[in-house]
Protein chains: 2
Amino acid sequence: MKIIAIRSVPTDSNLLKLLNKRKVLHYIQRKDGHSRSDIAKALKLSKPTVSNIVDELLEEGWIREKESERASSAGGRKPFQIFFNENAAYIVGIDIGGTLVEIAIMNLAGKLISKTAFSTQKHVGNNFIQTIANYVNTLTEQNGLESSQLFGVGVGVPGITDVDSGIVIDAPSLSWKNVPLQSQLESLLSCPVYIDNDVNVAALGEYWKGAGRKNNNMIMITLGTGIGCGIIINGQLYRGASYAAGEIGYMVTDKDAADKKYEQTFSGYGFLDSHVGGPSIAKRMLNHAEKREEKWTAKKVFQMAIDGDQLALDTINDSLSHLSFALINVISIINPERVVLGGGISKSMHHFLPHITSTLEKHLPVQTDITITTVEDVSLLGAGYLILKEHESILKV
Amino acid sequence: MKIIAIRSVPTDSNLLKLLNKRKVLHYIQRKDGHSRSDIAKALKLSKPTVSNIVDELLEEGWIREKESERASSAGGRKPFQIFFNENAAYIVGIDIGGTLVEIAIMNLAGKLISKTAFSTQKHVGNNFIQTIANYVNTLTEQNGLESSQLFGVGVGVPGITDVDSGIVIDAPSLSWKNVPLQSQLESLLSCPVYIDNDVNVAALGEYWKGAGRKNNNMIMITLGTGIGCGIIINGQLYRGASYAAGEIGYMVTDKDAADKKYEQTFSGYGFLDSHVGGPSIAKRMLNHAEKREEKWTAKKVFQMAIDGDQLALDTINDSLSHLSFALINVISIINPERVVLGGGISKSMHHFLPHITSTLEKHLPVQTDITITTVEDVSLLGAGYLILKEHESILKV
DNA sequence: TTACAGTTAGTTAACCTTACTTACCAATCA
DNA sequence: TGATTGGTAAGTAAGGTTAACTAACTGTAA
């Protein structure tokens with residue numbers, strides 16, 4: 001009779017190993033092509049320990065090794081160079097937007113492999129989550145990947161999400177209330193799923209691949225229908241006590257206006273939303289009698305302002321003035337190294353950025369870099385990065 | 001000949017031990033009077049491991065044990081109850097204020113043992129740091145303590161401090177620029193010294209002993225000459241990229257006023273400072289011709305407003321309106337569980353608090369507790385807590 | 001060309017620390 | 001006396017360390 005050993009509960013004794021293993025793997029990700037010896041020296045681990053861990057990582061496929069061409073000029077054995085295997089697994093990033101659901105597959109280094117999309121409004125309320133899962137599966141197959149090669153799926157959702165339970169608390173544009181998106185997708189896709197607010201996901205993307213790459217304290221402000229703000233503090237997303245951190249749409253930059261005129265009851269829409277949001281810009285143009293007939297968009301107003309139309313310019317300036325003071329307020333509280341502006345309106349903003357920064361300089365003594373996002377697919381990348389940030393694995397960052 | 005064993009470099013193998021030891025000690029701090037067995041069960045450690053750690057902690061004096069009176073009603077051996085030794089060491093908290101330097105000795109549980117103070121202006125610029133050290137030494141002796149019993153010294157400084165290097169970058173009220181306070185005090189007192197901004201220290205005090213006790217995401221706003229804000233995120237002080245987080249004196253709550261009238265160049269004084277700071281309240285009363293002759297203080301204006309003076313009431317209301325919108329802005333960004341108001345003016349504020357919270361409710365959908373500090377010596381306690389938070393020791397929280 | 005010293009990379013062997021499991025003793029209740 | 005609970009002792013496993021070793025290469029001098 002064969003006695004099968006019951007593996008003892010993996011308690012803390014494994015912790016040290018995992019920590020060291022993670023440390024080694026992260027070092028390899030950062031410094032490609034170094035030897036076991038280099039790693040031991042840099043991480044202050046003994047050579048046998050590193051060798052042992054490296055062997056395991058090789059076995060598991062996370063890394064590759066290659067004999068070096070040349071030894072050191074001082075003599076000695078040729079080292080084996082060790083490289084991170086960026087294609088050891090693949091990540092799916094999903095960005096649920098108001099108009100499009102975008103889905104992408106990327107490798108572990110965040111290199112986009114393939115992308116697809118479908119119309120949100122056409123499918124919402126009609127097996128929506130199942131549709132997402134189908135698109136993910138199709139995309140996986142089309143790229144010749146097994147579902148076992150998927151490391152995880154990250155989703156950005158336009159609404160308030162309880163990240164810990166994986167439930168979308170409220171997403172008006174999808175008519176979702178308390179939808180257990182994470183668990184539903186997990187059972188359909190049989191791989192780990194993590195979800196977060198779209199703004200947070202965009203901030204992560206910018207932190208991973210964008211201007212905020214090296215800024216452990218950075219902020220991403222998204223300008224669109226409303227205004228939102230993703231906060232990265234000490235290299236981690238900060239979500240607040242009730243997942244409402246960065247809801248700067250509720251900010252007030254004009255006491256008198258807020259005291260007297262503003263009597264809005266909430267529907268996820270605050271004072272600042274109604275002063276710098278895209279629709280508010282369009283609406284204010286409409287209110288001027290002489291332009292009443294036209295169908296305005298924020299983009300059009302921006303373009304007219306750049307072209308010299310005084311009314312458009314006044315409108316934009318007023319709106320950007322509110323934005324500038326909002327930035328002052330955010331920066332004075334958070335003191336980030338960098339603020340990245342993103343979202344639909346941001347592309348129209350380059351022309352006005354100097355004006356904004358000069359207002360900041362007038363009111364703030366601290367130096368902060370303000371830039372406009374340049375990253376393509378920042379939300380998709382950020383959604384993917386969610387997996388590396390949140391999923392408990394050797395790759396966790 | 002006695003051979004003294006050179007202890008091998010404490011590498012990672014000790015890490016796990018330290019972690020477990022810390023875990024056990026924290027458990028004992030939280031749950032006084034439990035047995036070794038209880039601890040093992042609660043922390044999911046084996047009984048021998050806990051016994052081993054407890055023995056070491058007893059040896060080192062951090063804990064005490066006492067044989068229990070009675071065993072469990074189900075029978076069994078009487079347990080040894082284990083208690084945290086709150087007097088295993090003592091902490092010194094120092095609050096350098098504009099008028100007074102306060103110094104206190106407290107035990108490890110934050111119970112104040114003794115307190116002293118001296119005039120800031122009388123000693124500043126004249127062996128100031130040496131004077132502080134002298135007062136600390138005198139206080140220690142007067143309480144029959146050896147300097148070896150001092151676990152550490154925490155200092156709250158009214159200015160911008162580089163917490164990591166221990167240098168006070170700029171403290172206008174002390175005329176300090178780039179003063180290496182930490183290293184100087186350390187060499188005078190020969191025990192670990194940690195320094196931080198006065199507002200951060202107050203926030204820590206409130207987090208340790210005040211209303212924010214159980215709020216891992218809380219904010220303390222201090223109202224005085226200026227307005228400041230200490231931020232605790234995930235149970236840790238957040239200081240920002242350049243130690244300027246929470247400098248909400250620079251916030252702008254009135255776009256038009258800031259655009260048109262406000263042309264202040266900085267001297268550590270921003271828009272909000274000049275609208276809710278104590279001196280600004282006094283100054284605005286002065287500007288009204290009919291009251292020009294009086295010598296105003298913010299406290300006096302508050303009292304007159306409560307007593308029904310219309311002019312005072314208008315002044316206070318305007319100022320508190322700015323404060324309310326500042327609170328809205330802070331909360332919308334940080335989404336804390338609780339905001340604690342402190343500082344000189346806060347005591348006069350109870351009467352107006354309902355008005356503030358009603359403004360918040362009007363503009364914010366999230367629920368946040370707003371309270372006024374009730375803790376005596378909150379800054380001294382916070383300064384002491386700095387040691388437990390920052391100093392690398394078994395007690396580190 | 002060959003021998004060999006010097007250097008570096010990586011492995012093997014012996015040992016230390018720490019925590020776990022199992023087994024046991026101690027003390028108490030009913 | 002049996003059941004139950006608190007605590008200790010002995011043995012084992014896991015993971016890390018040092019020291020010594022093998023492997024492989026560079027450069028120089030006979």
Side-chain angles (χ1 to χ4, degrees), chain A residues 3 5-24 28 31 33-59 63 65-82 394, chain B residues 5-24 28 31 33-59 63 65-83 394:
Chain A
I3 295 173
I6 306 272
R7 209 189 166 311
S8 70
V9 192
T11 48
D12 274 348
S13 58
N14 300 20
L15 181 70
L16 191 52
K17 178 74 175 278
L18 178 66
L19 250 48
N20 282 337
K21 206 165 166 180
R22 215 176 251 173
K23 230 194 271 184
V24 169
I28 297 168
K31 313 235 174 181
H34 285 207
S35 69
R36 289 165 173 78
S37 228
D38 293 334
I39 297 170
K41 210 173 291 170
L43 301 182
K44 290 178 181 165
L45 292 168
S46 69
K47 291 200 285 174
T49 303
V50 171
S51 272
N52 189 2
I53 289 173
V54 164
D55 290 348
E56 281 187 31
L57 290 172
L58 277 168
E59 177 95 10
I63 57 176
E65 69 177 343
K66 195 185 92 184
E67 194 162 18
S68 180
E69 303 285 309
R70 287 193 45 74
S72 143
S73 67
R77 177 175 168 177
K78 279 188 295 198
F80 287 85
Q81 293 184 285
I82 298 169
I394 180 82
Chain B
I6 305 272
R7 209 185 168 315
S8 70
V9 190
T11 47
D12 274 347
S13 57
N14 300 20
L15 180 70
L16 194 51
K17 177 74 176 279
L18 178 65
L19 251 48
N20 281 337
K21 206 165 164 181
R22 216 176 251 173
K23 229 193 274 183
V24 169
I28 296 169
K31 312 236 174 182
H34 286 206
S35 70
R36 289 163 172 76
S37 223
D38 293 334
I39 297 170
K41 210 173 291 171
L43 300 182
K44 289 177 182 165
L45 292 168
S46 71
K47 291 198 284 174
T49 302
V50 172
S51 271
N52 187 7
I53 290 174
V54 164
D55 289 348
E56 281 187 30
L57 290 172
L58 278 169
E59 178 95 9
I63 58 177
E65 69 177 343
K66 193 186 91 183
E67 193 164 18
S68 181
E69 304 285 311
R70 288 193 44 75
S72 142
S73 66
R77 178 176 167 177
K78 278 188 296 196
F80 287 85
Q81 293 184 284
I82 297 169
F83 301 90
I394 182 81

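Since the model is a prediction, treat every value here as computed from it, not as a measurement.
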Query raised in the report: Of B/Glu69 and A/Asn52, whose nearest nucleotide on DNA chain C comes first from the 5' end?
Result: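 Taking each residue's closest nucleotide, the earlier one in sequence belongs to A/Asn52.
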Can you measure [X] atom [atom1] to [N] atom [atom2] for me and round it to whole angstrom units?
{"X": "A/Lys44", "N": "D/dT17", "atom1": "NZ", "atom2": "C1'", "result": "16 Å"}
{"X": "A/Asp38", "N": "C/dT8", "atom1": "CG", "atom2": "P", "result": "12 Å"}
{"X": "A/Arg70", "N": "D/dC25", "atom1": "CZ", "atom2": "P", "result": "11 Å"}
{"X": "A/Leu16", "N": "C/dC16", "atom1": "CG", "atom2": "C1'", "result": "14 Å"}
{"X": "B/Ile53", "N": "D/dT8", "atom1": "CD1", "atom2": "P", "result": "13 Å"}
{"X": "B/Lys17", "N": "D/dG16", "atom1": "NZ", "atom2": "P", "result": "17 Å"}
{"X": "B/Asp55", "N": "C/dT18", "atom1": "CG", "atom2": "P", "result": "14 Å"}
{"X": "B/Leu15", "N": "C/dA19", "atom1": "CG", "atom2": "C1'", "result": "14 Å"}

Check the phosphate of [N] against [X], side-chain N and O only, distance under 4.0 Å to OP1 or OP2. Yes or no?
{"X": "B/Asn20", "N": "C/dA19", "value": "yes"}
{"X": "B/Ser51", "N": "D/dT8", "value": "yes"}
{"X": "A/Arg36", "N": "C/dT8", "value": "no"}
{"X": "B/Thr49", "N": "C/dC20", "value": "yes"}
{"X": "A/Ser72", "N": "D/dT26", "value": "no"}

Query raised in the report: Just checking B/Ser46: base, sugar-phosphate only, or nothing, at a heavy-atom cut-off of under 4.0 Å?
Result: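 If one applies the 4.0 Å heavy-atom cut-off, B/Ser46 turns out to touch a base.
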Query raised in the report: Looking for any heavy atom pair under 4.0 Å, which part of the strands does B/Lys78 touch: base, sugar-phosphate only, or nothing?
Result: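 Here B/Lys78 touches the backbone only, sparing every base.
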Out of [options], whichever nucleotide has its closest atom nearest the side chain of [X]:
{"X": "B/Arg77", "options": "D/dT8, C/dC20, C/dA27", "result": "C/dA27"}
{"X": "B/Pro48", "options": "D/dT8, D/dT26, C/dT11", "result": "D/dT8"}
{"X": "B/Lys47", "options": "D/dG16, C/dG10, D/dT8", "result": "D/dT8"}
{"X": "B/Asn14", "options": "C/dT18, D/dG7, C/dA9", "result": "C/dT18"}

Query raised in the report: Where do A/Leu45 and A/Val50 come nearest, in terms of heavy atoms and distance?
Result: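 So the minimum-distance heavy-atom pair works out to CB-CG2, 3.8 Å.
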Query raised in the report: More than 12 heavy atoms of other residues, nucleotides or ligands under 6.0 Å from CD of B/Glu69: is that the case?
Result: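 At most 12 heavy atoms, drawn from other residues, nucleotides or ligands, come within 6.0 Å of this atom.
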Query raised in the report: Taking atom CD of A/Glu59 as the centre, does the number of heavy atoms from other residues, nucleotides or ligands within less than 6.0 Å exceed 12?
Result: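 Atom CD in A/Glu59 is not packed in, count stays at 12 or less.
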Query raised in the report: Of A/Ala74 and A/Leu18, whose closest DNA chain D nucleotide lies nearer the 5' terminus?
Result: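 Here A/Leu18 is the residue nearer the 5' end.
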Query - 5' precedence on DNA chain D between B/Phe80 and B/Gly76 (nearest-nucleotide basis) - result: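 The answer here is B/Gly76.
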Report task. Output the distance between atom CD1 (A/Ile39) and atom CD1 (A/Ile53), rounded to the nearest 0.5 Å. Result ->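 That separation rounds to 9.5 Å.
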Query raised in the report: At what distance, to the nearest 0.5 angstrom, does NZ of B/Lys23 lie from CG of B/Leu16?
Result: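 Nearest 0.5 Å value for the NZ-CG distance: 8.0 Å.
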**Report entry** Flag for B/Asn52-B/Thr49: side-chain donor and acceptor within less than 3.5 Å
**Finding:**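 Absent: no donor and acceptor within the cut-off.
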